[in-house]
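Take a look at the structure set out below.
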Amino acid sequence: MPCIYYEKPLQASGILHLNGENAHYLANVLRFKQGSRFDVVDNTGLRYVASVISIDSTKVTAQYQQLNVQERESFIELILCQALLKGSKMDMVVQKATELGIWGILPLITERSVPQYTRKVERWKKIAIEALRQSGRSRVPYIEEAQELPSFLSEMKTGGAHGIIFYEKYGSSINDIFLTGKDIKRLFIVVGPEGGFCEKEVELARQAGFHVVSLGGRILRAETAAISVTAILQYLYGDINF
Ligand code: SAM
């Protein structure tokens, strides 16, 4: 079922007036007519079904009511803390992590991350909304502005957060970590840039209470590692192994 994202909270039912991108998508891309049905997810993450009352390429009026869909959100809050990557790699990480049910994405500035700042957060939010529509999710992952790794870790340390930093040179296995803490509800997962973490950064993470985890002997590209660990941890802690 096609799905659109509505930037404001909706009532349990009512009449919806759409314009801009949403009207264009329904009228010109999907060529909807009167009576056509589609899903709507509002910014509180609730999902609704809607039926077109009137439509033209600039505005759509539809009747909607709340859906009690099978929960499509994982029961663990996984937050991917990804060092900034070059080019469009972050776009792919945002898209795939959203499909895999990530709860939030924190872009990080690290010693070796080649972009040392970013103006792409609004772009990534749009990619996440598109991935929500495609995957049938009912909640858009939050995406924050990029922050320096040390200040992020000091926040985590004071907050007593559960976290894993993925490091290819050494570390525990994911399974060892899983066995020591199965019932956590929020987990921060930290993946480095193309050039990897320096020892000092890994040590900072360890001092902040993060587990250092290796994924074995092969060196994965950062985007491969980010997507893989999101899937693995959704399997272990979340709803992929329901
Ligand atoms: N230092 C690496 C090298 O020598 O090619 C580059 C880092 S790797 C391309 C990018 C990131 O993916 C790393 O910082 C780490 O977070 C994660 N990663 C890749 N392979 C990994 C592995 N085998 N175990 C744990 N993390 C890994």
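First listed ligand is number 1; within each ligand, the first listed atom is number 1.
Remark: atom 24 (N) of ligand 1 lies closer than 4.0 Å to at least one protein heavy atom.
The closest protein non-hydrogen atom to atom 10 (C) of ligand 1 is P193 O, 3.2 Å. Here the heavy atom of the protein found nearest to atom 14 (O) of ligand 1 is G192 CA, 3.3 Å. The protein heavy-atom contact nearest to atom 5 (O) of ligand 1 is I219 CG2, 3.5 Å. Nearest protein heavy-atom neighbour of atom 6 (C) of ligand 1: E194 O, 3.1 Å. Residue, atom and distance of the protein heavy atom nearest to atom 12 (O) of ligand 1 are A225 CB, 3.5 Å. Scanning the protein for heavy atoms near atom 9 (C) of ligand 1, the closest one is L220 O, 3.1 Å.
Backbone and side-chain nitrogen or oxygen atoms of V190 are examined, and none is located within less than 3.5 angstrom of a nitrogen or oxygen of ligand 1. For a threshold of 3.5 Å applied to N or O pairs, the pair formed by L215 and ligand 1 contains at least one separation below that value. At a 3.5 angstrom cut-off on N or O pairs, V191 does not count as close to ligand 1. When only interatomic distances are considered, the shortest N/O to N/O separation between F166 and ligand 1 falls below 3.5 Å. At a 3.5 angstrom cut-off on N or O pairs, R218 counts as close to ligand 1. Taking any N or O of E168, backbone or side chain, at least one lies under 3.5 Å from an N or O belonging to ligand 1.
No more than 12 heavy atoms of other residues, nucleotides or ligands sit less than 6.0 Å from atom CD of E21. Within 6.0 Å of atom OH in Y235, 12 or fewer heavy atoms from other residues, nucleotides or ligands are found, so the atom counts as exposed in its surroundings.
Here is the list of ligand 1 atoms found below 4.0 Å of a heavy atom in V213: 25 (C). Within the listing of ligand 1, atoms 6 (C), 7 (C), 14 (O) sit less than 4.0 angstrom from a heavy atom of G196. When each atom of ligand 1 is checked for a heavy atom of Y167 under 4.0 Å away, the hits are 24 (N), 25 (C), 26 (N). The ligand atoms of ligand 1 that sit less than 4.0 angstrom from a heavy atom of F197 are 14 (O), 16 (O). When each atom of ligand 1 is checked for a heavy atom of S214 under 4.0 Å away, the hits are 24 (N), 25 (C).
Taking 4.5 Å as the limit, every side-chain heavy atom of I76 sits out of range of all side-chain heavy atoms of L236. At a threshold of 4.5 Å between non-hydrogen side-chain atoms, the residues I127 and T98 do not count as touching. Residues I184 and Y237 have side chains in contact (heavy-atom distance under 4.5 Å, counting atoms from C-beta outward). Side-chain atoms of Q95 and D91, non-hydrogen and from C-beta on, never get closer than 4.5 Å to each other.
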Just do the side chain to side chain contact (heavy atoms under 4.5 Å, CB included) check on L18 and Y6 with the steps written out, would you? CA-CA 9 Å; L18 300 170; Y6 192 69; 3.7 Å; yes
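Using a 4.0 Å cutoff on heavy atoms, I165 does not count as a contact of ligand 1. Judged by the shortest distance from any of its heavy atoms, G171 lies outside the 4.0 Å radius around the atoms of ligand 1.
For the pair R206 and Y167, the cation-pi criterion (under 6.0 Å, within 45° of the ring axis) is not fulfilled.
Under a hydrophobic-cluster definition in which Ile, Leu, Val, Met, Phe, Trp and Tyr are linked whenever side-chain heavy atoms come within less than 4.5 Å, directly or via other members, V49 and F38 are assigned to different clusters. Linking ILVMFWY residues whenever their side-chain heavy atoms come closer than 4.5 Å, directly or via other members, leaves L187 and F210 in distinct clusters.
R72 contributes no side-chain N or O that, together with a main-chain N or O of S135, makes up a donor-acceptor pair within less than 3.5 Å.
At a heavy-atom distance under 4.0 Å, atoms from both the backbone and the side chain of A222 approach ligand 1. No part of T224 comes within 4.0 Å of ligand 1, judged by heavy-atom distances.
The pair E73-R137 meets the salt-bridge criterion, with a side-chain N (NZ, NE, NH1 or NH2) lying under 4.0 Å from an Asp/Glu carboxylate O. A salt bridge is absent between E201 and R112; no separation between the charged side-chain nitrogens and carboxylate oxygens falls under 4.0 Å.
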